[in-house]
Amino acid sequence: EQEYWELCNKCNTMRPKRSHHCSRCGHCVRRMDHHCPWINNCVGEDNHWLFLQLCFYTQILSSYTLILDFCHYYYFLPLKKENGDVFVFRHELALLRISAFMGLIILGGISGLFYTQLMGIFTDTTGIEKMTNCCEDISRPRKPWQQTFSEVFGTHWKILWFIPFRQRQPLRVPYHFANHV
């Protein structure tokens with residue numbers, strides 16, 4: 001596969017195709033999607049699946065928080081009529097509303113991020129490739145979505161895609177896709 005490598009003009013090292021040099025990290029990352037400030041690292045081939053799991057589980061936890069907030073709020077509605085002058089009650093209700101507002105913002109933002117990451121996997125393009133429009137290659141064969149997800153998550157077993165406590169093993173790329181990786 002090294003015959004398809006190219007020279008990086010910033011760090012002067014040979015790198016595989018579809019790699020990008022991160023100016024924050026100072027090195028090239030294979031299939032780099034973006035540099036994430038939340039994890040303070042580049043999201044690329046080796047940790048893209050962990051970033052997707054982070055987004056997925058953050059959505060679940062934000063939804064769970066919102067459900068608890070709304071259940072708690074409806075629990076407080078009968079108390080509002082009886083003892084509305086209680087100091088603790090007013091502050092707890094204010095904190096509940098702030099928590100619900102933050103939960104909605106986080107759920108909306110993470111859902112948008114998770115959607116764009118999933119669309120990138122479906123189309124087999126990274127965020128950097130989308131911004132530079134370098135992937136409008138007609139000659140590039142289209143992979144099935146199961147294969148692109150298996151390449152990102154490192155396994156063909158779909159149930160293992162959601163388990164964060166495992167190691168990712170790189171998959172062998174079929175021969176007709178080998179020169180496009």
Side-chain angles (χ1 to χ4, degrees), residues 1-63 105-181:
E1 204 178 298
Q2 286 187 346
E3 61 197 32
Y4 298 109
W5 286 26
E6 59 192 12
L7 182 67
C8 175
N9 57 359
K10 295 179 182 169
C11 61
N12 291 326
T13 58
M14 295 301 287
R15 65 179 184 192
K17 292 275 189 189
R18 300 185 71 186
S19 295
H20 181 74
H21 184 86
C22 178
S23 57
R24 290 186 186 169
C25 295
H27 61 275
C28 293
V29 179
R30 185 175 178 151
R31 292 188 72 170
M32 180 178 165
D33 189 76
H34 65 283
H35 184 91
C36 182
W38 296 349
I39 60 174
N40 194 27
N41 201 0
C42 292
V43 176
E45 184 178 60
D46 291 336
N47 63 354
H48 195 189
W49 67 286
L50 290 170
F51 184 75
L52 287 167
Q53 285 183 352
L54 172 73
C55 292
F56 177 74
Y57 287 120
T58 303
Q59 283 181 348
I60 289 176
L61 289 175
S62 338
S63 301
I105 288 175
I106 289 173
L107 181 64
I110 290 292
S111 296
L113 181 63
F114 187 65
Y115 174 78
T116 58
Q117 293 297 312
L118 287 180
M119 288 300 108
I121 294 175
F122 279 124
T123 59
D124 194 27
T125 57
T126 65
I128 303 263
E129 291 170 346
K130 286 179 193 173
M131 288 190 298
T132 58
N133 293 328
C134 72
C135 289
E136 295 178 10
D137 241 350
I138 299 172
S139 64
R140 190 166 149 190
R142 191 89 168 157
K143 298 179 190 177
W145 71 271
Q146 293 96 342
Q147 183 178 355
T148 57
F149 271 83
S150 295
E151 288 174 5
V152 169
F153 286 100
T155 181
H156 292 290
W157 295 89
K158 294 175 181 66
I159 192 69
L160 294 178
W161 293 351
F162 300 102
I163 299 175
F165 306 111
R166 65 176 182 86
Q167 284 190 330
R168 178 188 176 273
Q169 299 296 326
L171 292 177
R172 293 191 139 194
V173 180
Y175 178 73
H176 61 283
F177 290 118
N179 58 353
H180 299 288
V181 175

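This chain uses plain numbering: 1 for the first residue, then up along the sequence.
Pairing each heavy atom of S63 with each of L107, the nearest pair is OG-CD1, 3.6 Å. The minimum heavy-atom distance between T155 and W161, with the atom names listed, is O-NE1, 3.0 Å.
Applying the side chain to side chain donor-acceptor pair (under 3.5 Å) criterion to Q53, with sequence neighbours excluded, gives no partner residue. Evaluation of the side chain to side chain donor-acceptor pair (under 3.5 Å) rule for H48 yields Q117 as partners, not counting sequence neighbours. Applying the side chain to side chain contact (heavy atoms under 4.5 Å, CB included) criterion to I106, with sequence neighbours excluded, gives T58, S62, I110. Shown here are the side chain to side chain contact (heavy atoms under 4.5 Å, CB included) partners of H21, two or more places apart in sequence or in another chain: C8, K10, C11, R15, C28. Residues meeting the side chain to side chain contact (heavy atoms under 4.5 Å, CB included) test with F56, sequence neighbours left out: I60, F114, F162. Qualifying side chain to side chain donor-acceptor pair (under 3.5 Å) partners for S111, counting only residues two or more places apart in sequence or in other chains: Q59.
At least one side-chain heavy atom of F51 sits under 4.5 Å from a side-chain heavy atom of L113. The shortest distance between side-chain heavy atoms of Q146 and F149 does not fall below 4.5 Å.
Atom CH2 in W145 sits 6.0 Å away from atom CZ in F122 (nearest 0.5 Å). Rounded to the nearest 0.5 angstrom, C25 SG and N41 CG are separated by 5.5 Å. With rounding to the nearest 0.5 Å, the separation of NZ in K130 from OG1 in T123 is 5.0 Å. Taken to the nearest 0.5 Å, the CZ atom of R24 stands 9.0 Å off from the SG atom of C42. We find the SG-CG distance between C36 and L54 to be 7.5 Å, quoted to the nearest 0.5 Å. The OG atom of S19 sits 11.0 Å away from the CD1 atom of I128 when rounded to the nearest 0.5 Å.
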Audit row: R30, R18, side chain to side chain contact (heavy atoms under 4.5 Å, CB included) steps and yes/no: CA-CA 6 Å; R30 185 175 178 151; R18 300 185 71 186; over 6 Å; no
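Judged by distance alone, the side chain of T148 and the main-chain N or O of I121 form a donor-acceptor pair under 3.5 Å. Checked by atom type and distance alone, the side chain of N40 never pairs as donor or acceptor with a backbone atom of P37 at under 3.5 Å. Panel note: side chain E129, backbone T126; a donor-acceptor pair is recorded below 3.5 Å.
Atom OH of Y115 has 12 or fewer neighbouring heavy atoms from other residues, nucleotides or ligands inside a 6.0 Å radius.
With respect to R31 and D124, a salt bridge is recorded, a charged nitrogen being found less than 4.0 Å from a carboxylate O.
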